[in-house]
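In each ligand, atom 1 is the first atom listed, and ligand 1 is the first ligand listed. Nothing here was measured: the structure is a model prediction, and the numbers come from that model.
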Amino acid sequence: MHNQIPKQIKTCLNELNQKYEAVLVGGYVRDALLGRKSKDYDIATSATPEQVKEVFKRYTTFDSGIKHGTVTVVIDLHPVEITTYRIESGYSDSRHPDQIEFTTVLKKDCMRRDFTINAICMKQDGELIDYFEGQEDLKNKIIRCVGNPKERFYEDALRIMRAIRFSATLGFEIEPETKAALFGERQNLRKISMERFIQEFQKIVVAEQFDHLLNEYLDVFSVMIPELKQLSEIPAVWNRILNDLHDSPAVLTYRLALIFLHLSRFNADKIIPMQSASTFLMLAKRLRMNNEVTGTVARFIQNSQIELTPDKVLVKKRLNQFGDSFFDYLGFRKAYDLNEDIYDKISKQVSDIIGRQECFSLKQLAINGSDLKQMGITGTKVSSTLNQCLLWVIEGQVDNNKYKLLDKLNETLKGRN
Ligand code: ATP
Ligand code: MG
């Protein structure tokens with residue numbers, strides 16, 4: 001298995017092992033043992049950051065997290081993170097250790113790691129060092145804290161979310177004592193930063209079986225997102241959400257919209273899309289969700305109830321309204337309320353419209369602003385007139401032909417005077 005270790009990582013381990021001790025640890029080892037690919041490599045070493053820099057003095061190094069003992073070395077243009085073995089203590093704020101102490105004892109470094117499956121080390125030659133029976137837990141598909149779970153979750157509450165995330169992405173069970181502690185210590189989540197929370201939450205949202213996880217860990221997520229608890233208190237709404245999530249593809253924006261489009265139901269038994277969308281925008285801001293995700297979800301929510309049938313004129317109007325994001329929106333509607341047959345018919349119409357280059361947008365319209373100016377139409381009238389012409393074309397009242405359009409316009413203008 002160590003043959004899969006990339007050259008630059010081997011070089012790194014080799015250089016350090018001349019004078020000190022260095023091993024691979026964490027995600028890489030876990031994923032390699034599971035036969036999965038992993039993107040980042042964590043190297044742990046007995047060398048202090050200064051010593052690491054000395055070893056790699058011929059290379060470019062960055063003090064990427066020197067306070068925490070991390071130095072980044074660039075080898076063959078690849079950044080490699082090397083962290084000194086460390087002991088953490090006194091997490092009085094449930095987010096940062098009060099003290100970090102370097103050590104030369106690997107076991108002590110492993111003790112600060114979150115889960116047994118994340119504390120397995122691999123030496124340069126592939127030999128494993130496993131102080132906490134991580135391999136056994138990997139085999140049995142179990143997430144278990146290193147040490148006392150209550151203490152570990154109190155020290156750093158992000159570990160609560162990491163436990164759920166690893167269980168979700170790997171399909172592992174959380175060991176009962178670890179699970180009980182995760183619920184017991186959940187209020188500590190308030191002390192971690194929103195960015196760290198939401199990052200983990202979003203990874204959980206796109207996991208397989210998110211519907212089950214949402215139900216099971218509702219009390220945990222609700223510490224930071226109380227709206228979830230409120231939604232769960234209306235059984236019909238909650239069942240609908242869980243069913244929709246069950247059938248939804250693993251797309252973050254779809255799943256968030258499927259949950260939060262019901263936000264207006266707190267005050268009404270009907271969904272009021274504008275109200276749900278604006279409540280969601282406030283929620284997303286509080287949760288520090290990124291702008292792109294927030295914008296897309298709000299748009300899905302806002303348009304969740306608009307008419308969408310396999311009617312060609314209507315489909316063209318929607319294409320004009322959504323532009324390039326129409327397929328994404330259509331996917332959301334399929335996850336929410338469109339049946340397979342309707343979805344297929346609409347998709348077919350879209351391919352036909354695009355394949356035949358039928359006009360559904362101003363860009364494709366046979367006349368433009370300067371044509372209107374020549375007719376004496378100026379100012380804000382230009383855009384409203386162009387949109388009127390587009391509507392005629394979409395509705396089949398006139399062909400998308402410059403002269404026919406101008407004729408119809410002239411006629412209409414005359415009629416008004
Ligand atoms: P992935 O990168 O696939 O999300 P990972 O296990 O590599 O998973 P990282 O966040 O890259 O996770 O952290 C690397 C290692 O550092 C972990 O495997 C774990 O040993 C340790 N670690 C990370 N975060 C914590 C934490 N909050 N508490 C304790 N140990 C942690
Ligand atoms: Mg990692």
Side-chain angles (χ1 to χ4, degrees), residues 5-6 9 22-45 64-65 68-72 78-91 93-101 103 106-122 128-135 137-138 142-172 174 178 181-182 185-186 188-189 191-193 195-207:
I5 304 175
I9 303 291
V23 293
L24 271 163
V25 64
Y28 172 79
V29 182
R30 179 195 69 224
D31 290 342
L33 291 171
L34 288 170
R36 289 173 174 238
K37 277 218 154 58
S38 152
K39 3 164 222 4
D40 50 289
Y41 299 86
D42 298 294
I43 291 181
T45 181
S64 40
H68 302 101
T70 305
V71 174
T72 301
H78 292 278
V80 181
E81 287 206 338
I82 304 171
T83 305
T84 304
Y85 297 164
R86 62 179 203 232
I87 303 168
E88 297 174 347
S89 54
Y91 291 81
D93 61 358
S94 289
R95 63 200 283 185
H96 304 296
D98 299 339
Q99 256 179 348
I100 290 173
E101 206 183 300
T103 170
L106 175 59
K107 186 172 183 182
K108 289 188 180 166
D109 181 75
C110 289
M111 284 169 72
R112 71 159 174 99
R113 296 186 179 272
D114 46 8
F115 308 113
T116 58
I117 59 165
N118 286 347
I120 310 171
C121 308
M122 188 189 282
L128 298 174
I129 306 169
D130 180 9
Y131 295 110
F132 304 103
E133 294 169 20
Q135 291 172 85
D137 285 340
L138 265 187
I142 284 173
I143 307 290
R144 184 196 311 270
C145 280
V146 170
N148 178 324
K150 255 175 94 94
E151 284 169 20
R152 302 313 308 281
F153 290 140
Y154 176 78
E155 284 171 0
D156 177 2
L158 187 73
R159 292 171 188 154
I160 293 173
M161 295 299 286
R162 285 174 59 93
I164 300 172
R165 194 249 296 180
F166 285 122
S167 126
T169 55
L170 301 174
F172 281 24
I174 301 178
T178 298
L182 164 164
E185 297 301 314
R186 66 183 188 279
N188 289 311
L189 280 173
K191 300 181 199 164
I192 67 172
S193 79
E195 285 86 351
R196 292 175 86 206
F197 169 83
I198 202 68
Q199 233 179 355
E200 291 295 334
F201 181 71
Q202 292 186 350
K203 288 183 191 165
I204 297 168
V205 171
V206 292

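- Relative ring orientation between Phe115 and Phe166 is described as perpendicular, the plane-to-plane angle rising above 60° on a 0-90° scale split at 30° and 60°.
- Using a 4.5 Å heavy-atom threshold, the side chains of Leu24 and Tyr41 count as touching.
- Ranking the protein heavy atoms by distance from atom 3 (O) of ligand 1 puts Arg30 NH2, 3.1 Å first.
- You'll find the side chain of Thr178 reaches within 4.5 Å of the side chain of Phe153, heavy atoms only.
- With respect to Val29, the side-chain contact (heavy atoms from CB on, under 4.5 Å) criterion is satisfied by exactly one of Val23, Asn118, Leu128: Leu128.
- Of the charged side-chain nitrogens involved, at least one lies within less than 4.0 Å of a carboxylate oxygen, so that Arg196 and Asp156 count as a salt-bridged pair.
- With respect to the Mg ion (ligand 2), Asp40 has OD2 as its nearest N, O or S atom.
- Within the structure, ligand 1 lacks Tyr28 among the residues with a heavy atom less than 4.0 angstrom away.
- Proximity of Asp42 to ligand 1, defined as any heavy-atom pair under 4.0 Å, is confined to the side chain (atoms from C-beta onward).
- The residue among Glu81, Arg196, Arg162 with a heavy atom at the shortest distance from atom 23 (C) of ligand 1 is Arg162.
- Side-chain contact check for Glu81 versus Asp40: every heavy-atom pair is 4.5 Å or farther apart.
- Remark: ligand 1 and Asp114 share an N or O pair separated by less than 3.5 Å (distance only, no angle test).
- For atom 7 (O) of ligand 1, the candidate residues are Ala44, Gly27, Gly26; the nearest heavy-atom contact is made by Gly27.
- Within the 4.5 Å cutoff, the side chain of Met122 has no heavy atoms near those of the Val25 side chain.
- Heavy-atom contacts of Asp40 reach the following atoms of ligand 1: 2 (O), 11 (O) (cutoff under 4.0 Å).
- The distance from ligand 1 to the heavy atoms of Asn118 drops below 4.0 Å at these ligand atoms: 6 (O), 18 (O), 19 (C), 20 (O).
- The atoms of ligand 1 that sit less than 4.0 Å from any heavy atom of Arg112 are 29 (C), 30 (N).
- With contacts defined as side-chain heavy-atom distances shorter than 4.5 Å, the pair Ile43/Ile9 qualifies.
- Listed by atom number, the atoms of ligand 1 under 4.0 Å from Asp156 heavy atoms are 26 (C), 27 (N).
- Ligand 1 places these atoms under 4.0 Å from at least one heavy atom of Phe166: 6 (O), 8 (O).
- Residue contacts with ligand 1: Arg165 is included, with a non-hydrogen atom under 4.0 Å away.
- Scanning the protein heavy atoms around atom 21 (C) of ligand 1, the nearest turns out to be Arg113 NH1, 3.5 Å.
- Between Ile120 and Arg30, the closest side-chain pair of non-hydrogen atoms is not below 4.5 Å.
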_What verdict does the side-chain contact (heavy atoms from CB on, under 4.5 Å) test give for Glu133 and Thr116, after you've listed the backbone C-alpha separation in whole Å, the side-chain angles of each residue and the deciding distance to 0.1 Å?_
CA-CA 7 Å; Glu133 294 169 20; Thr116 58; over 6 Å; no
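- For ligand 1, the atoms sitting less than 4.0 Å from at least one non-hydrogen atom of Arg159 are 26 (C), 27 (N), 28 (N), 29 (C), numbered in the order shown with element in parentheses.
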